[in-house]
K.L.:
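This is the structure I have questions about; it appears just below.
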Amino acid sequence: MAVHQHLHATENHQKVGVVVLAAGSGERLGIGPKALVEVGGKPLLLHVLESMASNSSVVCLAVTAPADLIAAYQKLVDSAGLAIPTRVTPGGATRQQSGHLGVRALPLEADWVAITDVARPFTPPGIIDVLLENFRIVALDVPVGQYLCGIVPALPLVDSVHLLGAEPLLAEPFDRSLLRAAQTPQLFDRGCVTAAYEAAAKEGTVCTDDVGMVTHFGGTVATAPGNPSNFKITYEHDLALAEALHAYAPKGLAGSEVSI
C-alpha cells in the first residue's frame, strides 16, 4: 500500500467515528467478555463509551460485539444515554476483523476513525480531541512528500528489554529507547486505515494492532505521549489493579490527558 496523499488534519472540524472493540471472549481474563466485566461497579463498556463521548470531534460510535450478546450490549449502550449515535454490530473472529467490520459500520460522515479497546477503563476524557490537535501540529513539520496517516498515544518502556535466544536463554540486551508501547485509541484517516484493512484481508496479514497494520502497508503514523493509567485489562492482576486505582482515583491519575 502506498502512503496516502490525503489532506492533513489542519482544519478545526474533523468528524471522528469511534470503533470500540468488544467482540472478544476475554479468554485470558477468564471471566467472560470484558465488556461486561465491572470496575468500580460499572461495566468496562460504559467506562469507555463515556470517555469517547466526551470528545467534541466524535460524531458516532460503533461497538463490535459477539453475535450472541448484541442484545445485551445494546441494552448497556441504551442505559448510557449518550447523545452521540451508537451502533452495536457483530464483530469478527479476530481483533483485526472486528476493527474492519466496526469501521464499515460507521456512517460515511466520519472522515477520521479512532479504534480503541473496551478493556481500558481509564481512557482519558477528551483524548481524541487532543490527539487530533497533536496530529495537526506534527503534520506541519513532516518532510515534503511525506503524509501522515494517523497518530497514537504511546509510552516509553520502563523495564530492561532483551532479545531471546534459545529458550530459556537471553541473547543480548536491546536499546529500550528505540521502543514504544502503543496504547489506544489509535486515530487514523479513514481512507488510510480502510485501505490497510483491505490489503491485510487480501494478503492474509495479521497484526497485533492497527498502527502495526497501517505501517506494515506503507503508512506513516505519529506518536503522542500516552498515560500509564490508560492500561489494558488482560489478566486477573490487571483487574485487581484497576479496582484499586478506581478506589483511589476513579477517573485515573492526575495529568491523564494526552498532551504535547
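What you see is a predicted model; the values in this text were computed from it and never measured.
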K.L.:
Does A119 offer a backbone N or O that forms a donor-acceptor pair with the side chain of D117 under 3.5 Å?
P.N.:
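A pair under 3.5 Å: no.
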
K.L.:
Just so I know, are the side chains of L36 and Y73 near enough to count as touching, which here means a heavy-atom distance under 4.5 Å?
P.N.:
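In short, these two side chains touch, coming nearer than 4.5 Å.
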
K.L.:
Using a 3.5 Å distance criterion without hydrogens, assess whether the side chain of N230 forms a donor-acceptor pair with backbone atoms of P124.
P.N.:
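Flag not set: sc N230 to bb P124 has no pair under 3.5 Å.
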
K.L.:
Between N55 and S57, is there a side-chain donor-acceptor contact under 3.5 Å, judged purely by atom types and distance?
P.N.:
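Checked: S57/N55 side chains show no N/O donor-acceptor pair below 3.5 Å.
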
K.L.:
Between L44 and E38, is there a side-chain heavy-atom distance shorter than 4.5 Å?
P.N.:
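The answer is no, as the side chains (C-beta and beyond) never meet within the 4.5 Å cut-off.
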
K.L.:
Out of curiosity, T205 OG1 to H216 NE2, how far, rounded to the nearest 0.5 Å?
P.N.:
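Those atoms lie 4.0 Å apart.
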
K.L.:
Do T215 and T220 touch side chain to side chain, with heavy atoms closer than 4.5 Å?
P.N.:
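No - every pair of side-chain heavy atoms lies 4.5 Å or more apart.
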
K.L.:
Applying a strict under-4.5 Å side-chain criterion to I, L, V, M, F, W and Y, I'd like to know whether L241 and V39 cluster together.
P.N.:
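Looking at the clustering, V39 is in the same group as L241.
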
K.L.:
Please determine whether side chain to side chain contact (heavy atoms under 4.5 Å, CB included) holds for the pair S54 and I127, giving the CA-CA distance in whole Å, both sets of side-chain angles, and the decisive distance to 0.1 Å.
P.N.:
CA-CA 9 Å; S54 71; I127 188 172; over 6 Å; no

K.L.:
Which pair of non-hydrogen atoms, one from C207 and one from Q96, has the smallest distance, and what is that distance?
P.N.:
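Smallest interatomic distance, heavy atoms only, reads N-OE1, 2.9 Å.
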
K.L.:
Using the rule that Ile, Leu, Val, Met, Phe, Trp and Tyr join whenever any side-chain heavy atoms are under 4.5 Å apart, tell me whether I70 and V20 fall into a single cluster.
P.N.:
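In one cluster: yes.
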
K.L.:
Tell me if a side-chain donor or acceptor on K34 pairs with a main-chain N or O of I233 at a distance below 3.5 Å.
P.N.:
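Answer holds: yes.
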
K.L.:
In this structure, would V193 and V59 fall into the same cluster of hydrophobic residues linked by side-chain contacts under 4.5 Å?
P.N.:
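Cluster IDs for V193 and V59 differ.
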
K.L.:
Taking the side chain as C-beta and beyond, is there a heavy-atom pair between V221 and V152 under 4.5 Å?
P.N.:
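When only atoms from C-beta onward are counted, V152 and V221 do touch, with a gap below 4.5 Å.
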
K.L.:
Would you say R95 and T208 make side-chain contact, with heavy atoms under 4.5 Å?
P.N.:
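R95 vs T208: side chains apart.
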
K.L.:
Roughly how far apart are Q183 CD and D209 CG, rounded to 0.5 Å?
P.N.:
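Separation between the atoms: 11.5 Å.
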
K.L.:
Might you point out which heavy atoms bring R87 and A105 nearest each other, and give the distance in Å?
P.N.:
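That would be NH1-O, 3.5 Å.
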
K.L.:
Hey, any chance L45 and I84 share a hydrophobic cluster, counting ILVMFWY side chains that come within less than 4.5 Å of each other, even indirectly?
P.N.:
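In one cluster: yes.
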
K.L.:
Where is the tightest heavy-atom contact between L106 and R190, given as atom of each residue plus distance?
P.N.:
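Closest pair (atom of L106, atom of R190, distance): O-NH2, 3.0 Å.
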
K.L.:
Would you compute the distance between atom CG of L108 and atom NZ of K15 and round it to the nearest 0.5 angstrom?
P.N.:
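Between atom CG of L108 and atom NZ of K15 there are 11.5 Å.
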
K.L.:
Assess whether side-chain hydrogen bond (donor to acceptor under 3.5 Å, both in side chains) is satisfied between S51 and T123, documenting all intermediate values.
P.N.:
CA-CA 6 Å; S51 174; T123 303; 4.9 Å; no

K.L.:
In Å and rounded to the nearest 0.5 Å, what is the CG to CD1 distance from L187 to I115?
P.N.:
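The distance works out to 9.0 Å.
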
K.L.:
Given I151 and T223, is the side chain to side chain contact (heavy atoms under 4.5 Å, CB included) satisfied, shown in steps?
P.N.:
CA-CA 5 Å; I151 189 166; T223 65; 5.8 Å; no

K.L.:
Would you say the side chains of Y197 and D210 form a donor-acceptor pair under 3.5 Å?
P.N.:
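There is such a pair (donor and acceptor under 3.5 Å, judged by atom type) between the side chains of Y197 and D210.
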
K.L.:
Is the number of heavy atoms from other residues, nucleotides or ligands under 6.0 Å of E203 CD greater than 12?
P.N.:
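Atom CD in E203 is packed in, count exceeds 12.
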
K.L.:
So T116 and M52, do their side chains get closer than 4.5 Å, heavy atoms only?
P.N.:
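Contact flag for M52/T116 side chains = yes.
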
K.L.:
When you measure from the side chain of N134 to the backbone N and O of A224, does any donor-acceptor pair fall under 3.5 Å?
P.N.:
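Side chain of N134 to backbone of A224, a donor-acceptor pair under 3.5 Å: no, none is there.
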
K.L.:
Report the relative orientation of the aromatic rings in W112 and F135; use parallel for angles under 30°, tilted for 30 to 60°, perpendicular for over 60°.
P.N.:
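Because their plane-to-plane angle is over 60°, the rings of W112 and F135 count as perpendicular.
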
K.L.:
State, with a plain yes or no, whether a side-chain heavy atom of R180 is found less than 4.5 Å away from one of P156.
P.N.:
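A side-chain contact exists here, since the closest heavy-atom pair is under 4.5 Å.
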
K.L.:
Should side-chain heavy atoms under 4.5 Å link Ile, Leu, Val, Met, Phe, Trp and Tyr, which residues sit in the same cluster as L178?
P.N.:
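Noted: L178 shares its cluster with L157, V161, L163, F174, L179.
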
K.L.:
Hey, quick one: are L61 and L76 part of the same hydrophobic cluster, counting side-chain heavy atoms closer than 4.5 Å, chains of contacts allowed?
P.N.:
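Yes; L76 is reachable from L61 via cluster members.
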
K.L.:
Taking all non-hydrogen atoms of both residues into account, name the closest pair between C60 and P107 and its distance.
P.N.:
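Smallest interatomic distance, heavy atoms only, reads SG-CD, 3.5 Å.
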
K.L.:
Might you point out which heavy atoms bring D129 and S56 nearest each other, and give the distance in Å?
P.N.:
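Smallest heavy-atom distance, with atoms named: OD2-N, 2.8 Å.
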
K.L.:
Taking T64 for the side chain and A22 for the main chain, is one N or O donor matched with an acceptor at less than 3.5 Å?
P.N.:
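Yes; judged by distance alone, with no hydrogens or angles, the pair exists.
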
K.L.:
Roughly how far, to the nearest 0.5 Å, is CZ of F188 from CE of M213?
P.N.:
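One finds 7.0 Å between CE of M213 and CZ of F188.
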
K.L.:
Side chain of S98, backbone of A23: donor and acceptor closer than 3.5 Å?
P.N.:
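No, because the side chain of S98 does not come within donor-acceptor range (under 3.5 Å) of the backbone of A23.
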
K.L.:
Working to the nearest 0.5 Å, report the span between CZ of R120 and CG of D238.
P.N.:
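Output value for this atom pair is 10.0 Å.
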
K.L.:
Is there a side chain to side chain contact (heavy atoms under 4.5 Å, CB included) between D189 and Y147? Walk through the geometry before answering.
P.N.:
CA-CA 11 Å; D189 174 270; Y147 301 86; over 6 Å; no

K.L.:
For the residue pair Q74 and V88, what are the closest heavy atoms and their distance?
P.N.:
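Residues Q74 and V88, closest heavy atoms: OE1-CG2, 3.3 Å.
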
K.L.:
Going by heavy atoms in the side chains, are P185 and I128 under 4.5 Å from each other?
P.N.:
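Sidechains of I128 and P185: in contact.
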
K.L.:
Would you check, one step at a time, whether the test side-chain hydrogen bond (donor to acceptor under 3.5 Å, both in side chains) holds for Q14 with D111?
P.N.:
CA-CA 7 Å; Q14 266 70 41; D111 50 6; 5.2 Å; no

